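See below for the structure under consideration.
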Amino acid sequence: MSLNLDWPVRRLLPDCAETTILAELVGLDLIAKAHEERPYVITNFALTLDGHATIAGRSGPIGTDADTAMLVGLRTQVDAVMIGAGTMRAERYGRVVGDPAKREQRERDGFRHDPLMVIVSGRLELPWDAPLFTEGHGEILIATSAGEDPPSTETPVEIVRHPDGIDLHALFAHLRREQGVRALLCEGGPRLHGQLVDGGLVDELFVTHAPKIGGGVGPGLIAELEEAERPLEVGWLLAEAETGELFGRYLVG
Ligand SMILES: NC(=O)c1ccc[n+]([C@@H]2O[C@H](COP(=O)([O-])OP(=O)(O)OC[C@H]3O[C@@H](n4cnc5c(N)ncnc54)[C@H](OP(=O)(O)O)[C@@H]3O)[C@@H](O)[C@H]2O)c1
């Protein structure tokens, strides 16, 4: 699907201006911010007003196409996209940059054609029939503590084993050193997000605040994180005039 990233939004912070999602994203220059020992790490989530990351078990009903434009736009600015196994099981990912024009633009901008897909899974119980595995585009790296081998897949899969439990610092060092990953987007879910925040491994959070109440028992932005006050700097606050969505960018100090 070709989604126009030149999506008009109003910047409310740090100053007021009419702008677009694309104009805001190209100024980010995430790859220039790579750490020596790990990629620059950003996360992206969509949340309801009552703080849920899912409605009926999925993230899709929370945001509109404007939220998708932000997500796809962020995917065009990174070398790798990371998810936890729970998100892969719920969302059954396919190719993350589906539009050929955006993949060509990635190459012109010095990125690999498709972002490297990174999946964190303790048990290696993944939906192997999902398009990400069956369509053969790009490359996948799975960090796991399971001993068994995955089934054969059309899309090449590299397995990185952490038999004593997944060490996210070591995984990021591997991605930086062996795969040349400069900037990485983690798209969830809340449990993986909690571990990344807890480990001091997140540089920026991008959060879509949807004007919607979901209710239910779905998770929030972050799960299983010890209670503490963690102030963030507001990088920007953008408003979508028609849908009422607010896009926050928060920097970890
Ligand atoms: N609103 C949004 O923006 C958004 C974004 C993402 C996801 N979601 C939703 O969130 C839900 C999934 O939540 P979740 O918290 O369960 O997902 P998750 O964080 O993606 O996945 C958790 C799973 O990842 C693996 N994992 C994570 N860290 C690990 C570690 N250190 N060591 C070993 N394994 C590790 C484990 O997999 P194994 O079970 O294989 O051991 C664990 O069960 C879905 O319903 C999805 O739709 C919403």
Side-chain angles (χ1 to χ4, degrees), residues 41-75 81-94 96 117-128 130 132-133 140-148 150-151 157 159-172 174-175 184-202 204-225 245-250:
V41 176
I42 64 171
T43 66
N44 184 64
F45 279 78
L47 287 182
T48 62
L49 185 64
D50 50 337
H52 292 290
T54 58
I55 296 176
R58 301 284 305 272
S59 59
I62 296 176
T64 68
D65 284 352
D67 172 55
T68 307
M70 177 62 79
L71 175 65
V72 171
L74 288 170
R75 288 172 174 175
V81 170
M82 178 191 226
I83 52 173
T87 298
M88 185 61 203
R89 287 190 285 262
E91 306 287 348
R92 296 180 58 83
Y93 269 53
V96 291
M117 284 302 301
V118 180
I119 303 176
V120 177
S121 174
R123 299 175 285 143
L124 212 54
E125 283 178 17
L126 294 167
W128 301 108
L132 184 69
F133 294 117
I140 303 169
L141 183 150
I142 303 178
T144 185
S145 29
E148 65 265 28
V157 171
I159 298 286
V160 176
R161 302 209 190 258
H162 293 233
D164 300 325
I166 292 168
D167 178 341
L168 291 168
H169 287 85
L171 174 61
F172 280 174
H174 175 87
L175 290 172
L184 175 144
L185 165 64
C186 176
E187 299 186 1
R191 279 190 282 169
L192 178 58
H193 200 202
Q195 294 170 45
L196 293 179
V197 170
D198 193 36
L201 292 169
V202 176
E204 300 190 18
L205 295 81
F206 291 80
V207 183
T208 301
H209 304 276
K212 230 172 239 185
I213 293 173
V217 294
L221 177 68
I222 296 176
E224 297 167 11
L225 184 62
E245 285 160 298
L246 292 173
F247 300 100
R249 173 187 171 212
Y250 304 96

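Remember, it's a predicted structure, so these values are computed and weren't measured experimentally. When a ligand or atom number is given, it counts from 1 through the structure's own listing order.
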#### Entry: Shortest reach to atom 17 (O) of ligand 1 by a heavy atom, considering only T87, I142, L171
T87
### Task
May I ask you to identify the nearest protein heavy atom to atom 25 (C) of ligand 1, giving residue, atom name and distance to one decimal place in Å?
V120 O, 3.3 Å
### Query
Nearest protein heavy atom to atom 18 (P) of ligand 1, by residue and atom, and its distance?
G189 N, 3.4 Å
### Task
Dump the intermediate steps for side-chain contact (heavy atoms from CB on, under 4.5 Å) on M82 and V41, then the final yes or no.
CA-CA 10 Å; M82 178 191 226; V41 176; over 6 Å; no
### Task
For G199 and H169, work out which heavy atoms get closest and say how close.
O-NE2, 3.1 Å
### Message
Within the 4.0 Å heavy-atom shell around Q195, which atoms of ligand 1 are there?
### Response
27 (C), 28 (N), 29 (C), 30 (C), 31 (N)
## Note on the structure
E91 heavy atoms within 4.0 Å reach ligand 1 at atoms 46 (C), 47 (O)
### Query
Nearest 0.5 Å, what's the CG-CZ distance between D67 and F206?
13.0 Å
### Query
Can any side-chain N or O of S145 pair as donor or acceptor with the backbone N or O of I166 at less than 3.5 Å?
no
#### Entry: Which of the ligand 1 atoms, numbered from 1, are nearer than 4.0 Å to a heavy atom of A53
1 (N), 2 (C), 4 (C), 48 (C)
### Query
Shortest non-hydrogen contact from P150 to I159?
CG-CD1, 3.7 Å
### Query
Under the 3.5 angstrom rule, does the side chain of H162 hit a backbone N or O of A143 as a donor-acceptor pair?
no
### Task
Considering only non-hydrogen protein atoms, determine which one is nearest to atom 40 (O) of ligand 1 and report residue, atom name and distance to 0.1 Å.
S121 OG, 2.7 Å
### Summary
The atoms of ligand 1 lying under 4.0 Å from a heavy atom of G84, numbered in the order shown, are 18 (P), 20 (O), 21 (O), 24 (O)
### Message
Please list the nearest protein heavy atom to atom 21 (O) of ligand 1 with its residue and the distance rounded to 0.1 Å.
### Response
G86 N, 2.9 Å
### Query
Of all the heavy atoms in G165, does at least one lie under 4.0 Å from an atom in ligand 1?
no
### Summary
Counting from 1 in the order shown, the ligand 1 atoms closer than 4.0 Å to a non-hydrogen atom of F45 are 2 (C), 3 (O), 4 (C), 5 (C)
### Message
Checking the N or O distance criterion of under 3.5 Å, is ligand 1 in contact with R89?
### Response
yes
### Message
Using a 4.0 Å cut-off to any heavy atom of S59, which atoms of ligand 1 qualify?
### Response
1 (N), 2 (C), 4 (C), 47 (O), 48 (C)
### Task
Using distance alone, decide if ligand 1 has a nitrogen or oxygen within less than 3.5 Å of any nitrogen or oxygen in R123.
yes
### Task
Give a yes or no answer on whether the side chain of H209 reaches the backbone of G248 with a donor-acceptor pair at less than 3.5 Å.
no
### Message
With a 3.5 Å distance limit and no angle check, can you tell me whether E245 reaches the backbone of T64 through a side-chain donor-acceptor pair?
### Response
yes
### Query
Nearest protein heavy-atom contact for atom 15 (O) of ligand 1: which residue, which atom, what distance?
R191 N, 2.9 Å
### Close approach, A223 and ligand 1, non-hydrogen under 4.0 angstrom
no
### Task
Side-chain contact test, heavy atoms from C-beta onward, threshold under 4.5 Å: evaluate it for I83 versus L192 and give yes or no.
no
### Message
Counting non-hydrogen protein atoms only, what is the nearest one to atom 37 (O) of ligand 1? Give residue, atom name and distance.
### Response
A85 CB, 3.4 Å
### Query
Between K212 (side chain) and T48 (backbone), is there a donor-acceptor pair under 3.5 Å?
no
### Message
Closer than 4.0 Å to some heavy atom of A46 - which atoms of ligand 1 meet that?
### Response
1 (N), 2 (C), 3 (O)
### Donor-acceptor under 3.5 Å (E224 side chain, G194 main chain)
no
### Query
So is H193 close enough to ligand 1, meaning a heavy atom under 4.0 angstrom away?
no
### Message
For L184 versus L175, what's the shortest heavy-atom pair and its separation?
### Response
CD1-CD1, 3.7 Å
### Task
Grab the two heavy atoms, one from H52 and one from G216, that are nearest each other, plus how far apart they are.
CE1-O, 3.4 Å
### Task
Check whether any N or O atom of P219, backbone or side chain, sits under 3.5 Å from an N or O atom of ligand 1, and answer yes or no.
no
### Query
Which of the numbered atoms in ligand 1 are below 4.0 angstrom from a heavy atom of G122?
33 (C), 34 (N), 37 (O), 38 (P), 40 (O), 41 (O)
### Query
Would you call R75-E187 a salt bridge at under 4.0 Å N-O?
yes
### Task
Mind telling me whether F133 and W128 have parallel, tilted or perpendicular rings, with 30° and 60° as the class edges?
tilted
### Message
Counting only nitrogen or oxygen atoms and a 3.5 angstrom limit, does S145 reach ligand 1?
### Response
no
### Contact (N/O only, under 3.5 Å) between A90 and ligand 1
no
### Shortest protein contact, atom 33 (C) of ligand 1 (heavy atom only)
I166 CD1, 3.4 Å
### Task
Report yes if some N/O of E187 lies less than 3.5 Å from some N/O of ligand 1; otherwise report no.
no
### Query
Below 4.0 Å from any atom of ligand 1, is there a heavy atom belonging to T54?
yes
### Query
Which protein non-hydrogen atom lies closest to atom 10 (O) of ligand 1, naming both residue and atom, and how far is it?
P190 CD, 3.4 Å
## Note on the structure
In short, L171 meets V118 closest at the heavy-atom pair CD2-CG1, 4.5 Å
